[in-house]
Participant: 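My questions all concern the structure below.
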Amino acid sequence: MQSSRVLLCSSTNSLSGSAVTPTLASFPRFPAPLSAKIANSTSSSSSSSSIRFQNSPPLRSTASSSSSSNMASQDPRIATISSAIRVIPDFPKPGIMFQDITTLLLDPKAFKDTIDLFVERYRDQNISVVAGVEARGFIFGPPIALAIGAKFVPMRKPKKLPGPVISEEYSLEYGTDKIEMHVGAVQAGERALIIDDLIATGGTLSAAIRLLERVEVQVVECACVIELPELKGRERLGDKALFVLVNGS
């Protein structure tokens, strides 16, 4: 398991599950970053999930020397967040390293630091909608929405929401899936932030973008706690901006 992480990465666009165990110590956790780096990419395959495969290539910064204007500055709170996230090997099946944010939620300081970093970024961006992707987007989205004075809109799997819904289909490795949102939850012209815990292949985030844009909502940015850059989820988001705190390793 590699120990380095990348902090506070954003794209060049400007702003317009866990295993049950008796003890936490029995599982490996991310150490504090050995070095702080900035990732910044203009690039945008199945649903986003908290996984990465073993023996994947080393992580690299995606920073571009021509795009420094949108790079986030280094922040010591990232070390707290990074060290609070653990990795569960071979879950839910052999060869997968599961990025477990439940240990982050057990650490009040790390959890607060996570929310605060997002709130500081979005509080002055005139965002009226925080759309949380099922399921862990429901953990981070509501406190962010409350802090910036926006409404929270859950984007759920099929047949979970009562009443009329609109849906958007996206592809998986084998087959397809959908996310749904209540009809009337958002209005044309509103500005939205899409939040999830992790971006892997970017499937659910890209579906969330399409769903909101179908009803003429402006998606300002997508935000995640963790990015698995080797799965190239940014590429699936097209020209939409992506902001993440740490890169999984």
Participant: Taking all heavy atoms of Met155 and all of Ala131, pick out the closest pair and write down the distance.
Facilitator: SD-CB, 3.7 Å

Participant: Applying a strict under-4.5 Å side-chain criterion to I, L, V, M, F, W and Y, I'd like to know whether Val215 and Val219 cluster together.
Facilitator: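 Yes; Val219 is reachable from Val215 via cluster members.
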
Participant: Within the supplied structure, the quantity of interest is the number of heavy atoms (other residues, nucleotides, ligands) at a distance under 6.0 Å from Lys151 NZ; does it exceed 12?
Facilitator: yes

Participant: Hey, is the main chain of Ala223 close enough, under 3.5 Å, to the side chain of Arg121 for a donor-acceptor pair?
Facilitator: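 Not confirmed, Arg121 side chain does not pair with Ala223 backbone.
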
Participant: Do Phe111 and Ile81 touch side chain to side chain, with heavy atoms closer than 4.5 Å?
Facilitator: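 Of all side-chain heavy-atom pairs linking Ile81 with Phe111, none is under 4.5 Å.
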
Participant: Do the non-hydrogen side-chain atoms of Pro154 and Phe138 ever get within less than 4.5 Å of each other?
Facilitator: yes

Participant: Can a donor-acceptor pair be found, under 3.5 Å and without considering hydrogens, that links the side chain of Ser167 to the backbone of Lys178?
Facilitator: no

Participant: Start with the C-alpha distance between Ile85 and Val225, add both sets of side-chain angles, then the distance that settles side chain to side chain contact (heavy atoms under 4.5 Å, CB included), and finish with yes or no.
Facilitator: CA-CA 10 Å; Ile85 301 170; Val225 179; 4.2 Å; yes

Participant: Go through the steps to decide whether Arg86 and Ile88 satisfy the test side chain to side chain contact (heavy atoms under 4.5 Å, CB included), and finish with yes or no.
Facilitator: CA-CA 7 Å; Arg86 66 177 176 178; Ile88 306 295; 3.6 Å; yes

Participant: With rounding to the nearest 0.5 angstrom, report the CD1 to OG1 distance, Ile139 to Thr114.
Facilitator: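 Between atom CD1 of Ile139 and atom OG1 of Thr114 there are 11.5 Å.
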
Participant: Could you check Lys109 against Thr80 for side chain to side chain contact (heavy atoms under 4.5 Å, CB included), going step by step and ending with a plain yes or no?
Facilitator: CA-CA 8 Å; Lys109 174 172 171 45; Thr80 302; 4.0 Å; yes

Participant: Sort out for me which residue in Tyr122, Phe152, Phe118 forms a side chain to side chain contact (heavy atoms under 4.5 Å, CB included) with Val130.
Facilitator: Phe152

Participant: With a 4.5 Å cut-off on side-chain heavy-atom distances among I, L, V, M, F, W and Y, is there a chain of contacts connecting Leu161 to Val217?
Facilitator: no

Participant: Determine whether Val87 and Gln99 make a side-chain contact, defined as any pair of heavy atoms from C-beta on separated by less than 4.5 Å.
Facilitator: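 Yes, at least one pair of side-chain atoms sits under 4.5 Å.
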
Participant: Look at the side chain of Asp90 and the backbone N and O of Lys93, then say whether any donor-acceptor pair between them is shorter than 3.5 Å.
Facilitator: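 Flag not set: sc Asp90 to bb Lys93 has no pair under 3.5 Å.
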
Participant: Enter the distance from Arg210:CZ to Leu205:CG here, rounded to the nearest 0.5 Å.
Facilitator: 11.0 Å

Participant: Determine the minimum heavy-atom distance between Ala147 and Val119, stating which atoms define it.
Facilitator: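 Smallest heavy-atom distance, with atoms named: CB-CG2, 3.6 Å.
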
Participant: So do Glu180 and Ile166 actually touch side chain to side chain, heavy atoms under 4.5 Å?
Facilitator: no

Participant: Can you name the nearest heavy-atom pair linking Gly248 to Pro229, along with the distance?
Facilitator: O-CD, 4.5 Å

Participant: For residues Ser206 and Leu237, report the shortest heavy-atom separation together with the two atoms involved.
Facilitator: N-CD2, 3.8 Å

Participant: Can any side-chain N or O of Glu227 pair as donor or acceptor with the backbone N or O of Cys224 at less than 3.5 Å?
Facilitator: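 Such a contact is absent between Glu227 side chain and Cys224 backbone.
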
Participant: For Gly149, does its backbone N or O pair with a side-chain atom of Arg123 as donor and acceptor, under 3.5 Å?
Facilitator: no

Participant: Has Ser82 got a side-chain atom pairing as donor or acceptor with Ile78's backbone, closer than 3.5 angstrom?
Facilitator: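 Answer holds: no.
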
Participant: Under 3.5 Å, side chain of Glu134 to main-chain N/O of Lys157, donor-acceptor pair present?
Facilitator: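 Checked: pair present.
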
Participant: Between Met181 and Val153, is a side chain to side chain contact (heavy atoms under 4.5 Å, CB included) present by the stated rule, with each step listed?
Facilitator: CA-CA 8 Å; Met181 177 178 66; Val153 176; 3.8 Å; yes

Participant: Is it true that Arg77 and Glu120 have a side-chain N and a carboxylate O under 4.0 angstrom from each other?
Facilitator: yes

Participant: Nearest 0.5 Å please: distance from the CG atom of Asp107 over to the OG atom of Ser83.
Facilitator: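 So the CG of Asp107 and the OG of Ser83 are separated by 7.0 Å.
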
Participant: Provide the closest heavy-atom pair for Leu212 versus Ala192 in the form atom of the first, atom of the second, distance.
Facilitator: CD1-CB, 4.1 Å

Participant: Within a strict 4.5 Å, meaning less than it, do heavy atoms of the Phe140 and Leu104 side chains meet?
Facilitator: yes

Participant: With clusters defined by side-chain heavy atoms of hydrophobic residues (ILVMFWY) lying less than 4.5 Å apart, directly or transitively, does Leu146 cluster with Val133?
Facilitator: no

Participant: Using atom types as modelled and distance alone, determine if a side-chain donor or acceptor of His182 lies under 3.5 Å from a backbone N or O of Pro162.
Facilitator: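 The answer is yes, because a donor-acceptor pair under 3.5 Å joins these two groups.
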
Participant: When rounded to the nearest 0.5 angstrom, what is the spacing between CG in Leu117 and CG in Asp75?
Facilitator: 5.0 Å

Participant: Kindly compute the distance separating CG (Leu105) from CG (Asp197), expressed to the nearest 0.5 Å.
Facilitator: 9.5 Å

Participant: May I ask you to test the Tyr170-Thr176 pair for a side-chain heavy-atom distance under 4.5 Å?
Facilitator: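 No - every pair of side-chain heavy atoms lies 4.5 Å or more apart.
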
Participant: Kindly indicate whether the side chain of Leu193, heavy atoms from C-beta on, has any atom under 4.5 Å from the side chain of Val129.
Facilitator: no

Participant: List the atom of Ala241, the atom of Val220, and the distance in Å for their closest heavy-atom pair.
Facilitator: CB-O, 4.2 Å

Participant: Nearest 0.5 Å, what's the CG-CD1 distance between Asp124 and Ile148?
Facilitator: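 Separation between the atoms: 10.0 Å.
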
Participant: Hey, are the side chains of Lys240 and Glu213 touching, using non-hydrogen atoms and a 4.5 Å cut-off?
Facilitator: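 Sidechains of Glu213 and Lys240: in contact.
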
